[in-house]
Structure formats: C-alpha cells, structure tokens
Amino acid sequence: MNVINLNISFEQYESINELTLADRLLCENAEQALATSYSPYSKFRVGTAIRLASGETILGSNQENLAYPSGLCAERVALFSIGATHPNAVIESMAITAQTDNFEILKPVTSCGGCLQVMAEFERKQNREIEVIFYCLNGEVLKVPSVKSLLPFSFVEDRLER
Ligand code: THU
C-alpha cells in the first residue's frame, strides 16, 4: 500500500489591486457579468469572465430555471458559449465572483465540482493550463495556476472519444 500526497499551491491576494492589470480587468469583467445573472430562486448571483489568447473576453452568469436542475452555473454558461461560438479558442484565464443581497460573502466563492469537470475538459482539449481566479468582492482573491490542481482526479476516459 502506498500513501500518495498531492500538493497544490495557489496565490492569495488581499485585493485585486495586487494583481496584474490583465487579471484585475478580468475580475472587474466578472463583476460586471453579475448584472446578467438570472437567479430569482437562489438570489445568489455568480459572474465569470474568461480571457482568450486572442485577447477577447467572454462573460457568463448563472441562469436559473423554475425546474431547478435545468439552470446552469456561470462558469458553464461561459465555457459552453465559447465552445459554441469560438470552438478553436485557447483559454488563458478565468475569473469568478459572486454576490447576494441575503448575506455578506466573506471569502472567494469557489466553483462546484460539475463546473470543475467542464473546466478540466477545456484545459485537456487545449493542452494548456487555464488559470482560475476566485475573486471576493470584499477584496480577497485566490489565483490557482490550473484546473488540474483544483480537480486532480477529473473523469478521463479517452476511449469514449471515438
Ligand atoms: N453557481 C454557479 O454559478 N457556479 C458555481 O460554481 C456554483 C453555484 C450558481 C448556481 C445557482 O444559480 C446559484 O449559484 C446557487 O447555487
């Protein structure tokens, strides 16, 4: 029996002012995307901004539905929109933020497992790491160098790709 330890390192910032200009803009774009959140049921708005290698930025926000499971998280809305409209795009980085009127969000909100699995497939497909930035509106920012470091055991089965 072997015990294997996995180690992930990520960066923590007190505010977006400590980020590079490009990352700061991406966080601000994610914040702008909150405005298009359709979240009448949870009242929890999530916004994301994805920077492509082309320089273009794609936004996404969570879109809910009265039939709750039919809704979709902000990350997947943006990623699938890229898949549909920019199928050959290379993703450099994505920023995610959240907001609600119901309570104060004190820490960066991190992505759900379903979104991580979708992010993992985009990363694998483009064979280049995607930086993930979780931005809390109160200031704190976490920057993770790759999706693989967030989900080291994503579902992978290459034989399905036939
Ligand atoms: N949500 C996201 O948009 N991204 C996540 O990674 C987790 C949760 C959304 C789904 C739902 O509209 C609301 O947040 C509350 O769960």
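Quantities reported herein were computed from a predicted structural model and do not represent experimental measurements. Atoms within each ligand, like the ligands themselves, are counted from 1 in listed order.
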Colleague: Taking E123 for the side chain and K148 for the main chain, is one N or O donor matched with an acceptor at less than 3.5 Å?
Modeller: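 Checking the backbone N and O of K148 against the side chain of E123, a donor-acceptor pair under 3.5 Å is found.
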Colleague: What pairs of residues pass the side-chain hydrogen bond (donor to acceptor under 3.5 Å, both in side chains) test when at least one of them lies in residues 150-159, not counting sequence neighbours?
Modeller: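 Listed by first then second residue: R124-D158, E157-R159.
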Colleague: Considering non-hydrogen atoms of the protein only, which is the closest contact for atom 10 (C) of ligand 1, and what is the distance?
Modeller: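 Ranked first by proximity to atom 10 (C) of ligand 1 is C73 SG, 4.0 Å.
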Colleague: Would you mind reporting whether D23 and K143 have side-chain heavy atoms less than 4.5 Å apart?
Modeller: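 Heavy-atom side-chain distance check passes, below 4.5 Å.
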Colleague: Return a yes/no value for S111: is any of its N or O atoms, backbone included, closer than 3.5 angstrom to an N or O of ligand 1?
Modeller: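 No - when backbone and side-chain N and O of S111 are compared with those of ligand 1, no distance drops under 3.5 Å.
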Colleague: Output yes when a side-chain donor or acceptor of E18 lies under 3.5 Å from a complementary backbone atom of E14, and no otherwise.
Modeller: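 Yes; at least one donor-acceptor contact below 3.5 Å.
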Colleague: What protein heavy atom lies closest to atom 3 (O) of ligand 1? Include the residue and the distance to one decimal.
Modeller: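 Ranking protein heavy atoms by distance from atom 3 (O) of ligand 1, first comes A74 N, 2.9 Å.
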Colleague: Would one find an N or O of V46, backbone or side chain, under 3.5 Å from an N or O of ligand 1?
Modeller: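 The answer is no, given that V46 and ligand 1 share no N or O pair closer than 3.5 Å.
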Colleague: For the residue pair F153 and L151, establish whether any side-chain heavy-atom pair is separated by less than 4.5 Å.
Modeller: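 They are not in contact (no side-chain heavy atoms under 4.5 Å apart), so the answer is no.
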Colleague: Which ligand 1 atoms are under 4.0 Å away from a heavy-atom of F44?
Modeller: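 What qualifies from ligand 1 is 14 (O).
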Colleague: Going by the rule side chain to side chain donor-acceptor pair (under 3.5 Å), which residues pair with S149 if we only count those two or more places apart in sequence or in a different chain?
Modeller: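 So S149 forms a side chain to side chain donor-acceptor pair (under 3.5 Å) with S146.
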Colleague: Is there a polar contact between ligand 1 and C112, counting only N or O atoms under 3.5 Å apart?
Modeller: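 Yes; at least one N/O pair falls below 3.5 Å.
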Colleague: So which bit of S42 gets within less than 4.0 Å of ligand 1, heavy atoms only: side chain, backbone, both or neither?
Modeller: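 Looking at S42 and ligand 1, just side chain atoms fall under 4.0 Å.
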Colleague: Can you confirm whether something in the protein, heavy atoms only, sits under 4.0 Å from atom 16 (O) of ligand 1?
Modeller: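 Looking at atom 16 (O) of ligand 1, one finds that no protein heavy atom lies closer than 4.0 Å.
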Colleague: Can you tell me the protein heavy atom closest to atom 9 (C) of ligand 1 and the distance?
Modeller: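 In this structure, atom 9 (C) of ligand 1 has N62 ND2, 3.7 Å as its nearest protein heavy atom.
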Colleague: Name the residue from T97, D101, T100, T36 that meets the side chain to side chain donor-acceptor pair (under 3.5 Å) definition with R45.
Modeller: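 The single option meeting the side chain to side chain donor-acceptor pair (under 3.5 Å) with R45 is D101.
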Colleague: Under 4.0 Å from a heavy atom of E64: give me the atoms of ligand 1 that qualify, with their elements.
Modeller: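 Result: 11 (C), 12 (O), 13 (C).
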Colleague: Does the N2 side chain pair with the main chain of I4, one donor and one acceptor, at a distance under 3.5 Å?
Modeller: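 Side chain of N2 to backbone of I4, a donor-acceptor pair under 3.5 Å: no, none is there.
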Colleague: Are any of the N/O atoms on T110, whether in the backbone or the side chain, positioned under 3.5 angstrom from an N/O atom of ligand 1?
Modeller: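 In fact, backbone or side chain, T110 has no N or O that close.
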Colleague: For ligand 1, is any non-hydrogen atom under 4.0 Å from E75's backbone (N, CA, C, O), its side chain (CB onward), both, or neither?
Modeller: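 Answer for E75: side chain.
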